[in-house]
Enquirer: 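Encoded as structure tokens, here's the structure I'll be asking about.
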There are 2 protein chains.
Amino acid sequence: MSLTNTTNESSCKASRTQQAYAILRERILDNSFKAGEQMLETTLAENLGMSRTPVREACIQLEREGLIKINPRKGILIKPISAHDMSEIYDILCALEPQAARLVAEKSAQGQIACESLERLEKTTADMAAALANDNLHEWAMADEAFHFALLEMCDNQRLKDVVLQFWGQAHRARFFTLPYRKKPVDSTKDHIALVNAIKQGDGELAFRIHAEHRLKGKYNLLNIIKNFDLESL
Amino acid sequence: MSLTNTTNESSCKASRTQQAYAILRERILDNSFKAGEQMLETTLAENLGMSRTPVREACIQLEREGLIKINPRKGILIKPISAHDMSEIYDILCALEPQAARLVAEKSAQGQIACESLERLEKTTADMAAALANDNLHEWAMADEAFHFALLEMCDNQRLKDVVLQFWGQAHRARFFTLPYRKKPVDSTKDHIALVNAIKQGDGELAFRIHAEHRLKGKYNLLNIIKNFDLESL
DNA sequence: TCAATATTTAATGTATACATTATTTTTTAA
DNA sequence: TTAAAAAATAATGTATACATTAAATATTGA
């Protein structure tokens with residue numbers, strides 16, 4: 001599960017601030033840093049082999065991104081995600097991702113969607129089905145993510161893409177941890193197929209409705225798991 | 001037009017970084033700093049009477065917020081807004097604000113909306129109508145903003161509120177500049193009244209549809225002005 | 001003259017020193 | 001012993017010094 005905004009812009013060597021940002025973000029997303037953990041600027045700087053300055057600058061960005069909370073004399077807190085946080089995040093994704101689907105379908109109606117893009121959607125959907133057949137939930141989640149990201153790439157709205165990725169990032173750990181508790185997500189493959197068809201037909205309203213429904217199911221799935229298994233903060 | 005996130009959290013004296021952030025943000029939003037203008041960190045630091053460090057930290061946040069672009073050896077660029085930018089921003093707001101309306105209506109259905117909140121919506125709507133009657137577009141815009149913000153306050157989703165405010169911020173100057181070119185926004189009062197009714201009835205779906213329609217009109221209004229008057233970048 | 005190269009300049013990126021302040025510890029007095 | 005006050009501590013907030021590097025300028029050789 002990448003979830004790294006692989007824009008890799010400028011591609012030349014990254015500044016220490018950028019390095020610190022990338023490393024810290026990765027460690028948060030892959031759970032090397034546990035939720036609730038707190039660390040001092042100084043400690044982080046030592047660990048990363050750099051001075052406090054770039055660490056601070058990276059942390060400011062991570063805080064804006066909603067991944068950490070800077071607690072002035074307590075340290076950098078890796079923000080845990082509560083059920084309420086999750087609900088907030090999904091209410092945003094439930095609005096934004098269907099909008100992305102609509103935009104893609106509308107572009108498609110005007111013949112502005114490349115074949116390869118549609119094929120990528122179909123490929124990732126097939127990957128999901130295959131992973132499901134093999135009972136490999138981790139692979140399934142990766143393919144699911146790939147589908148959703150591909151859709152975002154296609155909608156030609158950088159801001160929309162960025163903001164959705166931001167909230168995916170916040171929800172990432174929770175999705176990962178609840179994965180084993182999910183009942184087999186057999187419907188999701190169907191939803192994706194239906195969405196791709198709506199896009200091909202260029203029916204924006206339909207694409208929106210299908211994706212909204214799809215996301216809403218995802219929300220309730222996740223929230224039920226968090227409540228039933230008493231995973232109050234992840 | 002405040003548009004400042006008046007959370008005023010911690011309320012104790014603000015750090016220089018926070019001061020710099022607040023001042024710079026205000027100057028960008030109120031157009032003291034013109035779009036396209038570029039300034040050096042050093043210059044800004046001198047102007048604000050502080051060292052580069054807090055200015056840098058503030059700028060990092062403003063860049064994340066989409067208001068400036070830090071161009072390594074060129075300076076801090078006040079980002080101009082193009083028609084395409086505007087379209088991106090409104091496609092996001094067209095998804096998020098109706099979602100906020102839905103959430104408020106659903107809370108209302110469960111009797112969780114305070115009377116004063118509904119009254120605030122009605123008050124700001126009345127203010128809009130009054131401003132319109134007086135041909136005072138500036139007052140109208142302020143009341144309109146107040147209505148939209150009040151709605152966001154009511155939806156009990158801090159993230160949703162923050163992210164909508166972020167994009168309002170990006171669009172702020174453009175809305176302000178196009179104000180005199182707008183045809184009298186007589187419909188908007190009606191839309192707001194209809195929305196408040198839907199909320200009172202607790203009809204989330206209706207509230208969503210009304211607000212989506214409302215925002216979509218706003219989008220086309222603004223984009224047409226930008227195109228017709230050749231305001232390519234604001 | 002002009003293009004290629006070397007030099008200088010000026011701005012940022014980064015480290016570090018210092019100032020400030022919340023917290024903790026120690027001291028003191030009842 | 002314990003609560004209040006004082007001192008010490010430790011972390012951040014901020015300024016500044018230095019390193020790096022892109023851009024601008026000057027130099028050189030054809």
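Throughout, protein chains are lettered first and strands after them, A, B, ... in sequence-line order, and every chain is numbered starting at 1.
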Enquirer: Could you tell me how far apart B:Y21 (OH) and D:dT14 (P) are, to the nearest whole angstrom?
Expert: 16 Å
Enquirer: Expressed in angstrom and rounded to an integer, what is the separation of B:K69 atom NZ from C:dT12 atom P?
Expert: 14 Å
Enquirer: Figure out the CG/P separation between A:L48 and C:dT14, and round it to whole Å.
Expert: 13 Å
Enquirer: Roughly, in whole Å, what's the span from CG in A:L40 to P in C:dA22?
Expert: 17 Å
Enquirer: Measure the acute angle between the ring planes of B:H148 and B:H214, then classify it against the limits of 30° and 60° as parallel, tilted or perpendicular.
Expert: parallel
Enquirer: Could you tell me the separation between the CD atom of A:Q18 and the P atom of C:dT12, rounded to a whole number of Å?
Expert: 15 Å
Enquirer: Between B:S15 and D:dT12, does any side-chain N or O lie under 4.0 Å from OP1 or OP2?
Expert: no
Enquirer: Mind calculating the distance between CZ (A:R56) and C1' (C:dG13) to the nearest angstrom?
Expert: 16 Å
Enquirer: Round to the nearest Å and state the distance from B:L77 atom CG to C:dA11 atom P.
Expert: 17 Å
Enquirer: If you count every heavy atom of other residues, nucleotides or ligands that lies below 6.0 Å from A:K219 atom NZ, does the total exceed 12?
Expert: yes
Enquirer: Expressed as a whole number of angstroms, how long is the span from A:M39:CE to D:dA11:P?
Expert: 14 Å
Enquirer: Does B:R16 place a side-chain N or O at less than 4.0 Å from the phosphate oxygens OP1/OP2 of D:dA15?
Expert: yes
Enquirer: Are B:R16 and B:E57 within salt-bridge range, i.e. N to O under 4.0 Å?
Expert: no
Enquirer: Quick one, A:K79 and A:I28 - any side-chain contact, counting heavy atoms below 4.5 Å?
Expert: no
Enquirer: What string of B, S and - do you get for nucleotides 16-25 of chain D, 5' to 3', if B is base contact, S is sugar-phosphate-only contact and - is no contact with any protein heavy atom under 4.0 Å?
Expert: BB---BSS--
Enquirer: Under 4.0 Å between a Lys/Arg side-chain N and an Asp/Glu carboxylate O for A:E65 and A:R25?
Expert: yes
Enquirer: Using 30° and 60° as the class limits, which term best fits the ring planes of B:F208 and A:F208: parallel, tilted or perpendicular?
Expert: tilted
